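A short write-up of the structure that comes next.
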Amino acid sequence: MAYWILKSEPSVYPFERLEQERRTVWDGVRNPQALGYIRQMQPGDTALIYHSNEGKEIVGTATIITAAYPDPAEDDDKIVVVEIEVGTRLPHPVGLATIKATKALADIGLVRQSRLSVMPATPTQWQTLLRLAGTKA
DNA sequence: GCCAACGTTGGC
DNA sequence: GCCAACGTTGGC
């Protein structure tokens, strides 16, 4: 059981759309490091959805519901995807400024490697983020 | 719009 | 296999 952070530009795929569709194929990832993380995902893992560029905040949760598999739309079978199911919208979105101002999150990937679109979170980071978001998980 | 931090490409 | 040049992402 692992924790992940998935970034999405709201103009491309906002959390609101995941709420409408309930589940989706998380595709479009091409960065080798990010693809490596996707390959590590297991059904039952959970993810936080971060809105990049616009909003710059973590807005909701999702559950990984499939293992990674090659994207049928891609020739290159190194391009893998997973399917995710919507979780809950956070009572209080956690903005990047808040994350940067929180000592327990100083090493989080969002800050340290801002361009990476898929990254792991530690249990400590996860708990800290959910507390900031006003959830009791 | 700018720039930092990566990634990618292609000549050698 | 290096590395310079170029492209992309994303925060500011």
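Letters go in sequence order (proteins before strands), and every chain restarts at 1. Small disclaimer: the values here were computed from a predicted structure and weren't measured.
In this structure, the salt bridge (charged side-chain N to carboxylate O under 4.0 Å, His left out) partners of A:Arg30, at least two apart in sequence or on a different chain, are A:Glu74. Take A:Arg22 and apply the salt bridge (charged side-chain N to carboxylate O under 4.0 Å, His left out) test, not counting sequence neighbours, and it matches no residue.
A:Thr135 contributes a side-chain N or O that, together with a main-chain N or O of A:Leu130, makes up a donor-acceptor pair within less than 3.5 Å.
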Using atom types as modelled, flag every donor-acceptor pair under 3.5 Å from a side chain in residues 94-105 of chain A to any protein atom, sequence neighbours excluded.
unit_1: A:Thr102; atom_1: OG1; unit_2: A:Thr98; atom_2: O; d: 2.7

Please tabulate, one pair per line, each protein N/O and nucleotide N/O from nucleotides 7-11 of chain C that are separated by under 3.5 Å, including the distance.
unit_1: C:dT8; atom_1: O2; unit_2: A:Arg115; atom_2: NH1; d: 2.4
unit_1: C:dG10; atom_1: OP1; unit_2: A:Lys7; atom_2: NZ; d: 3.4
unit_1: C:dG11; atom_1: OP1; unit_2: A:Tyr50; atom_2: OH; d: 2.9
unit_1: C:dG11; atom_1: OP2; unit_2: A:Asn53; atom_2: N; d: 2.9

Interface polar pairs with nucleotides 1-4 of chain C, N/O, under 3.5 angstrom:
none

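Within the structure, salt bridge (charged side-chain N to carboxylate O under 4.0 Å, His left out) pairs that include any residue of residues 107-135 of chain A comprise A:Asp107-A:Arg112 (at least two apart or interchain).
For A:Ala2 against A:Asp45, the heavy-atom pair with the smallest separation is N-OD1, 2.9 Å.
Taking the six-membered ring where tryptophan is involved, the planes of A:Tyr37 and A:Trp4 are tilted, since the angle between them lies from 30° to 60°.
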